[in-house]
Protein chains: 2
Amino acid sequence: MPWCDPSARTSRQRRCGTKVATSRKPGDVRERLDFASAGKNPWMTGTNDTGEARSMGNAGPQTAIGKRVTASDVAREAGVSQSTVSRSFSDDSRISAATREHVRDVATRMGYTPNALARSLITSRSGMVAVIVTRQSILAMPEMLTAISQALGRRGQRMLLFSPADESDVQNAVSEAWSYPLEGAISCVTLTAEHLDGFRMNRIPVVLYNRRARGLADSVCTEHHAAAARLADRLWEAGHRSFLCLAGPADAPVGHERAEGFSARLEELGAVRPRSVVTDFSYAGGRAAMLDALGASPAPDAVFCVNDQLAMGATDALRYDLGLAVPQDVSVVGFDDVPEAARPSYLLTTVRQDLGALAENAASLLDDRSRAPDSPLRDLDVRGELVERQSARF
Amino acid sequence: MPWCDPSARTSRQRRCGTKVATSRKPGDVRERLDFASAGKNPWMTGTNDTGEARSMGNAGPQTAIGKRVTASDVAREAGVSQSTVSRSFSDDSRISAATREHVRDVATRMGYTPNALARSLITSRSGMVAVIVTRQSILAMPEMLTAISQALGRRGQRMLLFSPADESDVQNAVSEAWSYPLEGAISCVTLTAEHLDGFRMNRIPVVLYNRRARGLADSVCTEHHAAAARLADRLWEAGHRSFLCLAGPADAPVGHERAEGFSARLEELGAVRPRSVVTDFSYAGGRAAMLDALGASPAPDAVFCVNDQLAMGATDALRYDLGLAVPQDVSVVGFDDVPEAARPSYLLTTVRQDLGALAENAASLLDDRSRAPDSPLRDLDVRGELVERQSARF
DNA sequence: CTGAAAGCGCTTACAG
DNA sequence: CTGAAAGCGCTTACAG
């Protein structure tokens, strides 16, 4: 069992720890990581590479860590100065084509790539943008991440991801982020004035994503309030008169904006302000909240959920837990238009967030702020489009 | 419209470009980013911050980019040497408590945080681990990312995410990754021997995630083959005799392993090798493939899909497109156990991947390899647990 | 076109 | 305990 070598004390303690989750909910799985007893543990087996595999030549394990090939190494090998190596990797340097080609050849052979971060020290351009987003948001809407990653990629920037467990863990994420020479930060969590100050003092542009900055930073935001109001209009116009609102966590601005836009519009239309239930943003939360809400009260004409996860949970609670038909008995509408919303089991009426536009605009705001640090702050709105499917009676 | 200032030529070209997607599939949304005509474009509005908001004091925009506060700035302000500032931020330095406190106070006031990358230049520890994973994988299983992020976080490392559009775009992702002083790389895409060589030459440990390295790197992998075989056993034992396999893309090792494990086992059991259909890994792909496969042929007893997205697509095709009942007419099984698989509309029988264990082991392998560069390569297997729900007749 | 040298922001021996 | 200095891997004036 060389892969669990008892002589490597420190690492062994980590590797060979036993970790057995004991929960026994239906469908749950035992998590077993008992490396110490791996030999007799059918849950995990380790196999060393075979002699055959290792004899494949260049396939052996590394011989030293932290010995990155440097420009000086290449310079020595290529018989030029280190400056020349550097210039060979900079497109706008006046350098002879022959030299460049030679140096590049040698570099390729040695596996040399300029260290972007040593470079960033001198150019002040690290290419790294911190993206701060809760784990829950990633799970609920992963396309948000891929869209941001792509938008940054188009600008030659890369995403350094900080994903706090929830909004209360943001402080740590921000502190960590600060230790990197960032070109910018996109925050999908609420930042305090202190956080924004920290970025400002280090001259790091910040864009708030899907929340407003109250004049403390640039922001890009789906027009939660207005889109939710349109949803209210549409339901009202179709004859719905009683409503329930699954509003998300009490402290989440996105949910609050959406719930508020919906409720305020209904009041304008003459309805009583709908009952609002505080939840989280998850499927399970929506299902539980729905079940709970209809335990005592009669079913409303329509349920507005501040995101699609909640809406799917609410739908399943209505159908499978309460025996009600959607939309015949109750209309359900959500917000986001995640891919699952379009599937035949939900066919959710919802508001599509344009994640591509949000991401593109966030990256663009960062860009602009770098070029013009003193220009006025900007808050961009991105239209949310009503997508009518069959989860609501129209 | 200062937020679309025509004088800023370069950035304007980027910002004010018109981009109108013309696709008109059902449920699709027009993507409008016509910044140039924003004033009259109801899809996007820009508002500058108000004078009031800006008068809030420390809330003004940044005054210069790339002027991070440095240790020297703090040293000057605190009346100590730059070395002392450095020591104040290193826990194991012998320095007087009073000095440390004073320096830290000044640093906090100035918004100073040591630049982790300048530090990495000298310590060879950047704390950054590249994670390479296709966009599609992120969308299909975002928990994979959050699990990796957490496992790295526990070790004080951070994830630098590279997400190629697909496996053919990996080359770019790898080249980009190489330019960072990585402490390691976790690859959820197949790497060529050349890629692995590049990492090796730069002494960067690599762990392959859910694919084997053929003796060229460490790896951690769900035991796709064995788990799929158990699924085959279970279906056979329950009386299923004819099978269809939705196998994923032809070049994807994960799908191949699973399909192969399933088919090989059935052959051992005496069944004819099931028909295998090449698809992608998506819900839409599964739905289309299922529809297509049953256009001509009779329905099989059971459909094995190499991941849950395919299985959900296949289920919906059977139910909504073909009018068949799952599991009464056809059993459907998947692989992964994504959260949606447990919902009442699918209740998918599947194999749970232990994403936490995969991530923890990947991070751990990286760790071990750093400590012992020359130790034998290791391939770890993580058990996949069969989760029986109601999408298959047992 | 090319090289020697300075300097980006740090850490860490080396002196005191 | 503290400071001056060297050096991590680069880029970029400055000379030639």
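Below, chains carry the letters A, B, ... as their sequence lines are ordered, and counting in each starts from 1. All of these numbers come straight from a predicted model, not from anything done at the bench.
As a whole-Å value, the separation of F89(B) CZ from dT12(C) P is 15 Å. Between R125(B) atom CZ and dG9(C) atom P there is a gap of 24 Å when expressed in whole angstrom units. dC8(D) atom P lies 11 Å from atom CG of D73(A), rounded to whole Å. Rounded to whole Å, the distance from CE on M110(B) to P on dG9(C) is 13 Å. Here the C1' atom of nucleotide dT11(C) and the CG atom of D91(B) are 14 Å apart, to the nearest Å. For the pair Q82(B) CD and dG7(C) P, the computed distance is 15 Å after rounding to whole Å. Atom OH of Y180(B) is separated from atom P of dC8(D) by 23 Å (rounded to the nearest Å).
OP1 or OP2 of dT11(C) has at least one side-chain nitrogen or oxygen of S86(B) nearer than 4.0 Å. Proximity of S96(B) to the phosphate of dT2(D): a side-chain N or O atom is located under 4.0 Å from OP1 or OP2. Remark: S81(B) is in phosphate contact with dG3(D), judged by side-chain N or O atoms under 4.0 Å from OP1 or OP2. Considering only side-chain N and O atoms, Y112(B) lies under 4.0 angstrom from the phosphate OP1 or OP2 of dC10(C). When the side-chain nitrogen and oxygen atoms of T84(B) are compared with OP1 and OP2 of dG3(D), one or more of them lie within a distance under 4.0 Å.
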For a quick test of your reading: what N or O donor-acceptor pairs under 3.5 Å do the side chains of residues 75-83 of chain A make, sequence neighbours left out?
{"residue": "S81(A)", "atom": "OG", "partner": "S83(A)", "partner atom": "N", "Å": "3.4"}
{"residue": "S81(A)", "atom": "OG", "partner": "T84(A)", "partner atom": "N", "Å": "3.2"}
{"residue": "S81(A)", "atom": "OG", "partner": "T84(A)", "partner atom": "OG1", "Å": "3.2"}

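Not counting sequence neighbours, the partners of L196(A) by the side-chain contact (heavy atoms from CB on, under 4.5 Å) test are L191(A), V206(A), L208(A), L216(A), A217(A). For S179(B), there are no side chain to side chain donor-acceptor pair (under 3.5 Å) partners at least two apart in sequence or on another chain. With sequence neighbours excluded, no residue satisfies side chain to side chain donor-acceptor pair (under 3.5 Å) with Y209(B). Residues satisfying the side-chain contact (heavy atoms from CB on, under 4.5 Å) test with S163(B), not counting sequence neighbours, are S149(A), R135(B), I138(B). Partners of S96(A) under the side chain to side chain donor-acceptor pair (under 3.5 Å) rule, at least two apart in sequence or in another chain, are T99(A). Applying the ring pair (Phe, Tyr, Trp, His ring centres under 6.0 Å) rule to F162(B) yields no partners; only residues at least two apart in sequence or on another chain are considered. With sequence neighbours excluded, the residues that form a side chain to side chain donor-acceptor pair (under 3.5 Å) with T134(B) are S137(B).
For DNA chain D, runs of at least 3 consecutive pairs of the Watson-Crick or G-U wobble type, with both hydrogen-bonding distances under 3.5 angstrom, map to C:1-3 with D:14-16, C:5-12 with D:5-12, C:14-16 with D:1-3.
Applying the ring-ring contact (aromatic ring centres under 6.0 Å, His included) test to every pair with at least one member in residues 89-125 of chain A, sequence neighbours left out, gives these pairs: F89(A)-Y112(A).
T99(A) comes within contact range of the sugar-phosphate backbone alone, with a heavy-atom separation under 4.0 Å but no base atom that close.
Defined by atom type and a distance below 3.5 Å, a donor-acceptor pair is missing between the side-chain atoms of S364(B) and E360(B).
Note that the CD atom of Q150(B) and the CD1 atom of I148(B) stand 11.0 Å from one another [nearest 0.5 Å].
Few gaps surround CZ on R104(B); more than 12 heavy atoms of other groups in view lie less than 6.0 Å from it.
The stretch residues 114-123 of chain A touches DNA chain C through L121(A), I122(A), each having a heavy atom within less than 4.0 Å of the strand.
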Give me, pair by pair, the N or O atoms of the protein and of nucleotides 13-16 of chain C that are less than 3.5 Å apart, along with how far apart they are.
{"residue": "dA13(C)", "atom": "N6", "partner": "R87(B)", "partner atom": "NH2", "Å": "2.6"}

